[in-house]
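Encoded as structure tokens, the structure appears first; notes follow it.
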Amino acid sequence: MHLNSVGSLWLRRYAMFVACCTFGLVIAGGLVTSNDAALSVPDWPLSWGRLVPTLEGGIRYEFAHRVAAMLVGLLTVGLALAVGTEKPLPDGRGSDGTTHLHAEPRPSGSGSWLAWAAVAVVLAQAALGGVAVRFVTPAWATIAHAALGQLFFAILVAICVGLYAGYGGGWAAPTVVCTVALFSQTILGACVRYGVMTPVAHIVGALFATMLVMWAGLNILLQNLENPRLRRPALVLLSITFSQVFLGIGSYMARIVYAGAPQPMPVLVLFTVAHVAVGSLAVGAAVALAMLARPNAFRVHGGTGCRRTPGGRSTGCCCCIPSWAPA
Amino acid sequence: MKKIWMGAVLAGSLTLGGCGGDKPAETAKTEATAPAGGAAATPDEANGGTITGKVAFAGEKPKMATLDMSANPACERAHKGSPQKSEEVVVNENGTLKYTFVWVKSGLPADKQWAVPAGTTSLDQNGCMYKPRVIGLMTGQNFEIKNSDPTNHNIHPQPTVNTDWNESQSPGQAPMTKSFGRQEVMIPVKCNVHPWMRAYIGVVGHPFFAVTGDDGTFTIKGLPPGTYVIQSWHEKYGPMEQTVTVGAKESKTVEFSYKS
Ligand code: HEM
Ligand SMILES: [Cu+2]
């Protein structure tokens, strides 16, 4: 059995599900902006005065985004409630009976805090979306909406990783710096997107962010070649960030090529949506690495890490993601 | 009538409060102003000066992209057989440029109040295109927005000086009446349901403006004698200016010439 109760296995799965839905929501949001469809539904909270408008043209994107956002909002409230009620066995023992060292009295406490923060962000998002529609997309509201969207996904990643690795403990500064840099980079990206900043700021930002990611990522990677719990997330962060740079260059070139196009061109839409989505993944990967690189990561479940039962089955945290179990 | 003026002034002062700072020169000056008790002037067509001319286009006609309306079958059906091309640049048969806005940018007496031109200007949504693509209005002048299509449109002007708005219009819905309170050349208008839909509205503080049509000509009548800066504005090729002096009952010709 796993370290915690079965309930917590389901909680993890549920949290992962919510995070995946959120990623879908990020893509849906990217589709709205790159198809310039935000104002195709001029009212809010109703859509064209109805619950379900005629699904044509830009309305399809905007309405899909609204529905996805509502679902994710509800799922997030569910997550906050579920994380809040999650309790480990009283003495820090997992349900497999092994005593876990250094167990926190309630490992999901901070998770619950994070989940409620996510609920607050989702409510703010709904309000900002409403402001954007009612006041005809003031730039500050759309940029805040884009930034909070990224923050929301980052929080969900943090909740998910925390459910595996715990929430407490100190932080490894380089990974935190990376996370902040990538997050700022997404805000700069939104500023470029909504025309309040030149692409130069975002490109220079990309240079910085990539260097920071290489510094932190390669360091962790080289020091943990034998430790998949850190090697893998470091590799993931590095490769996502590199992909993001190429997608950025692609978006930039597509913007130039299609500068005079009379309507959003599919290639441009594809690149920008991919760039926004992979941008989210980069921030998420940085959050995950930051959480996994904490000195106290996994201590919740017993600082000894993975163990094998005589039967050959692994126990301990790392077996939650089976491939993480060391050979 | 009085009501419209008051509305225009209100709208004007609202936007003034809302967005100070630097405005483009041609948009900053005039505001819809109610005539102080006295009647507003109308162009004196019998005794005033006339400026006529055309907007010529030299060089190779740019090839316009065919619009992809597949996102909305109703739009696509409206152009069955002959897919709609973008109207960003329309060069007429006679080598002139359609949809160019021509207006008196400066030279009119500063203290004179002008009456809103008679007749209805309308902006129709037809075949998921704005008809016509470019219209001119005087500040405070009402215009009508119609939906002749079996599909939903949202109308979203993107002014920088006037107030933003975005409204929906379903098939069969009654025309809506709108106006802009402050001078602004030009206000882009778009539909976010059909992102290829684009129109431009020139809003001017007096009635001396015109839009070129199928023959690329324009006529501005009833000008008080004086020296004027005439500006032409095209969405792709930008503004051009010329200075002309007209006397009473005099007619002058001006030609603008754009190159590809
Ligand atoms: C290294 C990490 C990078 C991150 C995390 C990132 C993130 C983002 C995000 C989130 C947006 C969209 C915001 C929104 O619409 O809400 C964006 C837009 C953009 N980015 Fe990046 N970016 C990165 C690198 C680059 C690079 C290297 C380039 C180009 C040389 C680039 C070019 C662009 C352009 C042109 C846009 C505007 C796209 C459009 O709407 O047309 N980015 N970026
Ligand atoms: Cu439309």
Side-chain angles (χ1 to χ4, degrees), chain A residues 29-50 52-66 129-142 194-196 257-270 272-273, chain B residues 18-19 62-77 83-90 125 128-130 133 149-160 162-171 173 176 188-199 235-237:
Chain A
L31 278 169
V32 170
T33 40
S34 40
N35 282 295
D36 198 6
L39 291 177
S40 61
V41 182
D43 50 343
W44 185 89
L46 284 177
S47 305
W48 283 80
R50 293 192 278 160
V52 181
T54 314
L55 297 177
E56 57 191 3
I59 301 173
R60 296 170 303 171
Y61 301 112
E62 172 62 15
F63 188 68
H65 183 59
R66 288 183 183 194
V131 166
V133 166
R134 290 284 179 87
F135 299 97
V136 198
T137 51
W140 65 266
T142 25
Y194 299 111
V196 302
V257 169
Y258 294 113
Q263 64 194 98
M265 300 307 273
V267 174
L268 180 57
V269 171
L270 193 78
T272 43
V273 171
Chain B
C19 58
K63 259 213 162 89
M64 286 292 104
T66 301
L67 298 177
D68 176 6
M69 299 193 178
S70 57
N72 197 326
C75 303
E76 206 168 33
R77 255 191 314 268
Q84 175 71 47
K85 295 242 192 266
S86 162
E87 290 185 331
E88 189 186 14
V89 179
V90 180
Q125 297 155 109
C128 302
M129 297 291 283
Y130 289 112
R133 187 175 178 90
D149 283 329
T151 181
N152 294 299
H153 294 289
N154 73 288
I155 302 103
H156 175 211
Q158 299 165 291
T160 51
N162 284 281
T163 319
D164 261 7
W165 52 269
N166 178 43
E167 284 180 30
S168 58
Q169 199 172 35
S170 303
Q173 196 174 316
M176 54 173 98
V189 181
K190 68 176 306 178
C191 170
N192 303 83
V193 182
H194 313 107
W196 59 82
M197 288 177 70
R198 195 154 258 276
E235 63 174 286
K236 178 160 171 127
Y237 300 113

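In what follows, every chain begins at residue 1, and chains take the letters A, B, ... in the order their sequences are listed. Atoms considered below: every heavy atom in the structure, side chains included; atoms not considered: hydrogens, waters and symmetry mates.
For B:Leu67 against A:Gln263, the heavy-atom pair with the smallest separation is CA-OE1, 3.4 Å.
For A:Arg60, the part lying under 4.5 angstrom from a heavy atom of chain B is the side chain only. Of the two parts of A:Asp43, neither the backbone nor the side chain holds a non-hydrogen atom closer than 4.5 Å to a non-hydrogen atom of chain B. Of the two parts of B:Ser170, the backbone and the side chain both hold a non-hydrogen atom closer than 4.5 Å to a non-hydrogen atom of chain A.
Here B:Glu88 pairs with nothing under the salt bridge (Lys or Arg N to Asp or Glu O under 4.0 Å) rule; sequence neighbours left out.
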Could you give me the CA-CA distance, side-chain angles and deciding distance for B:Asp68 and A:Met265, then say whether side chain to side chain contact (heavy atoms under 4.5 Å, CB included) is met? CA-CA 9 Å; B:Asp68 176 6; A:Met265 300 307 273; over 6 Å; no
Determine, stepwise, if the pair B:Asn166 / A:Phe135 fulfils side chain to side chain contact (heavy atoms under 4.5 Å, CB included). CA-CA 9 Å; B:Asn166 178 43; A:Phe135 299 97; over 6 Å; no
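Taking CD1 of A:Ile59 as the start and CG of B:Asn154 as the end, the distance is 7.5 Å to the nearest 0.5 Å. Atom-to-atom distance recorded for A:Asp36:CG and B:Cys191:SG is 10.0 Å, nearest 0.5 angstrom. For the atom pair CG of B:Asn192 and CD of A:Glu62, the computed distance is 9.5 Å after rounding to the nearest 0.5 Å.
For the options B:Cys75, B:Ser86, B:Cys128, B:Ala71, heavy-atom pairs under 4.5 Å to chain A are most numerous at B:Ala71. Note: B:Gln169 leads B:Gln169, B:His194, B:Met197, B:Lys236 in heavy-atom pairs under 4.5 Å with chain A. With respect to chain A, the highest number of heavy-atom pairs below 4.5 Å among B:His153, B:Gln158, B:Arg198, B:Met69 belongs to B:His153.
Side-chain contact check for B:Asn152 and A:Glu56: at least one donor-acceptor pair (N or O, by modelled atom type) lies under 3.5 Å.
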